[in-house]
Amino acid sequence: MELIIEEINRGKKLIGRHKFATHEVQIGRGYHNDMILSDPHVCANHISLKNVNDEWFIEDLGSINGTTIGKTNKISHSQKIQSGDVIQLGKTQLRFILPAHPVAASVKFSAVENVVEKLGRWSIIMVLLAVFSGLNILFMYLNMPSKEINYNSLFLWGFGLTLGYALWPLFCSLMAHLNKQETRISDQLGVTFLIINMFWIIDFLEAFLGFNGSNTWSGQWFTLLLAVALTYTMFWFNFYIAFEQTAKRRVKFALGLTTFIYGSLFVYDLSNQPEFKAYPVYNSTIMSPTFAIASPISPDEFISNSDTLFEKVNKESNEK
């Protein structure tokens with residue numbers, strides 16, 4: 001009977017898979033073995049597997065550190081193994097699988113996975129990077145106080161900022177590689193820069209609400225909640241692409257990282273606020289009248305309304 005031996009890490013992730021069609025398999029660090037392990041805690045002749053009447057038995061060959069099935073069942077004599085059993089020899093874990101071992105049902109591509117795959121196309125990534133760099137360069141150009149503009153430094157700054165934001169998805173891909181997962185660099189870049197570009201919409205919305213709102217409510221809390229939701233969504237997608245983990249664990253990681261970032265920003269802003277503000281706080285947002293929700297009035301109508309308001313106040317004060 002054939003035997004499949006999987007080498008797995010401590011998190012039960014697959015490292016390598018070997019299939020044997022013989023009646024005896026020798027495993028150890030020696031080069032004469034059928035399966036050679038590089039673990040220094042494994043002996044040259046560590047274990048032997050034998051097939052007897054279509055049943056597999058394992059035997060420890062007097063190794064220094066011993067062999068255990070599971071976590072506590074230490075092998076002291078020839079012992080029968082079942083399909084799915086995990087043994088530990090040294091710091092190496094091996095899982096034995098028989099050909100009739102049940103296989104989990106195939107997983108259909110989800111809508112989330114389809115979106116991630118589309119965003120991972122390099123044509124879309126280049127467009128997203130160009131939009132991000134272009135908008136940064138444009139707003140830096142508009143906010144420059146000096147009339148003399150150094151275009152080289154302007155474009156270098158935009159490119160450097162884009163490269164800086166790209167470090168996070170590249171870091172996620174590196175972590176996936178270290179955890180024996182697919183790096184999926186293009187998917188990470190596509191999802192991350194799509195969500196980062198959506199922050200420009202939040203900036204515009206904040207300016208729009210500040211232009212149309214009063215000083216008591218400028219929409220900052222509303223746009224802050226949108227920013228937190230976008231940040232959480234980005235982290236959720238990053239962890240979805242990089243790691244194979246349960247949905248609950250993914251939510252915890254994304255929520256924890258989001259809370260840490262915005263909590264740190266809140267504490268930093270709170271510590272920098274002065275105890276006394278000598279100057280009044282006002283909103284200096286200037287936008288085109290087309291962005292005004294209420295229709296504008298003429299100067300004559302504004303003066304007339306102001307006179308009416310003052311007359312009403314004077315009348316009420318005289319009555320009191």
Side-chain angles (χ1 to χ4, degrees), residues 4-19 38 86 92-95 97 103-136 158-202 226-262 264:
I4 297 96
I5 302 178
E6 295 179 339
E7 187 176 355
I8 58 178
N9 60 20
R10 294 184 179 182
K12 299 296 185 289
K13 299 297 182 182
L14 181 66
I15 299 175
R17 182 180 286 122
H18 310 269
K19 189 174 184 180
S38 58
V86 176
T92 303
Q93 291 193 23
L94 301 177
R95 180 166 52 203
I97 303 292
V103 179
S106 300
V107 179
K108 186 179 180 180
F109 280 114
S110 63
V112 173
E113 186 63 30
N114 289 329
V115 171
V116 170
E117 288 290 337
K118 289 179 181 179
L119 291 174
R121 298 174 183 173
W122 283 105
S123 57
I124 294 179
I125 293 173
M126 297 308 295
V127 171
L128 293 173
L129 293 176
V131 169
F132 179 76
S133 300
L135 288 174
N136 276 292
F159 175 77
L161 190 63
T162 304
L163 184 61
Y165 275 92
L167 292 178
W168 168 248
L170 293 177
F171 173 76
C172 293
S173 297
L174 176 62
M175 293 302 297
H177 175 72
L178 295 177
N179 283 274
K180 309 297 182 181
Q181 305 291 334
E182 288 186 81
T183 55
R184 301 181 68 177
I185 296 176
S186 60
D187 294 342
Q188 291 283 7
L189 287 171
V191 167
T192 301
F193 274 94
L194 173 67
I195 296 177
I196 289 176
N197 282 333
M198 293 176 69
F199 276 92
W200 292 112
I201 301 175
I202 294 180
L226 289 180
V228 170
L230 272 182
T231 305
Y232 166 81
T233 303
M234 183 182 71
F235 289 148
W236 188 94
F237 271 100
N238 291 142
F239 294 141
Y240 171 84
I241 297 170
F243 308 110
E244 291 183 4
Q245 53 188 183
T246 62
K248 187 176 181 180
R249 187 179 181 87
R250 190 180 307 121
V251 168
K252 286 182 178 180
F253 274 107
L255 190 60
L257 191 54
T258 304
T259 304
F260 172 76
I261 290 176
Y262 283 93
S264 301

Could you tabulate the donor-acceptor pairs under 3.5 Å formed by side-chain atoms of residues 233-248, not counting sequence neighbours?
| unit_1 | atom_1 | unit_2 | atom_2 | d |
| --- | --- | --- | --- | --- |
| Thr233 | OG1 | Ala229 | O | 2.7 |
| Asn238 | OD1 | Trp168 | NE1 | 2.6 |
| Asn238 | ND2 | Gln188 | OE1 | 2.7 |
| Asn238 | ND2 | Thr192 | OG1 | 3.2 |
| Tyr240 | OH | Glu113 | OE1 | 2.9 |
| Thr246 | OG1 | Arg249 | N | 3.2 |

Which value, rounded to the nearest 0.5 Å, describes the distance between [X] atom [atom1] and [Y] atom [atom2]?
X: Arg250; Y: Leu255; atom1: CZ; atom2: CG; value: 14.0 Å
X: Asn197; Y: Leu135; atom1: CG; atom2: CG; value: 7.0 Å
X: Ile261; Y: Tyr232; atom1: CD1; atom2: OH; value: 14.0 Å
X: Ile201; Y: Leu230; atom1: CD1; atom2: CG; value: 8.5 Å

Does [atom1] belonging to [X] count more than 12 external heavy atoms closer than 6.0 Å?
X: Glu182; atom1: CD; answer: no
X: His18; atom1: NE2; answer: yes
X: Tyr262; atom1: OH; answer: yes

Using the ring pair (Phe, Tyr, Trp, His ring centres under 6.0 Å) rule, take Tyr165 and Phe132 through it: C-alpha gap first, then chi angles, then the decisive distance, then the call.
CA-CA 10 Å; Tyr165 275 92; Phe132 179 76; 5.1 Å; yes
Apply side chain to side chain contact (heavy atoms under 4.5 Å, CB included) to the pair Asn9 and Gln93, showing each step before the final yes or no.
CA-CA 6 Å; Asn9 60 20; Gln93 291 193 23; over 6 Å; no
The test is side chain to side chain contact (heavy atoms under 4.5 Å, CB included); show your working for Val86 and Leu94 and say whether it passes.
CA-CA 6 Å; Val86 176; Leu94 301 177; over 6 Å; no
Heavy atoms, side chains only, cut-off 4.5 Å: are [X] and [Y] in contact?
X: Val131; Y: Trp200; result: no
X: Arg17; Y: Ile4; result: yes
X: Leu174; Y: Leu170; result: no

Is it true that Thr258 and Thr231 share a donor-acceptor pair across their side chains at a distance under 3.5 Å?
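Their side chains do not contain a donor-acceptor pair, so the 3.5 Å distance test is not met.
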Quick one: closest heavy-atom pair of Val116 and Asp187, and the distance?
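Heavy atoms of Val116 and Asp187 come nearest at O-OD1, 3.4 Å.
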Shortest non-hydrogen contact from Ser133 to Thr162?
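Closest approach of Ser133 to Thr162, heavy atoms only: OG-OG1, 2.5 Å.
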List the atom pairs, donor and acceptor, that lie under 3.5 Å between side-chain atoms in residues 121-129 and the rest of the protein, sequence neighbours left out.
none

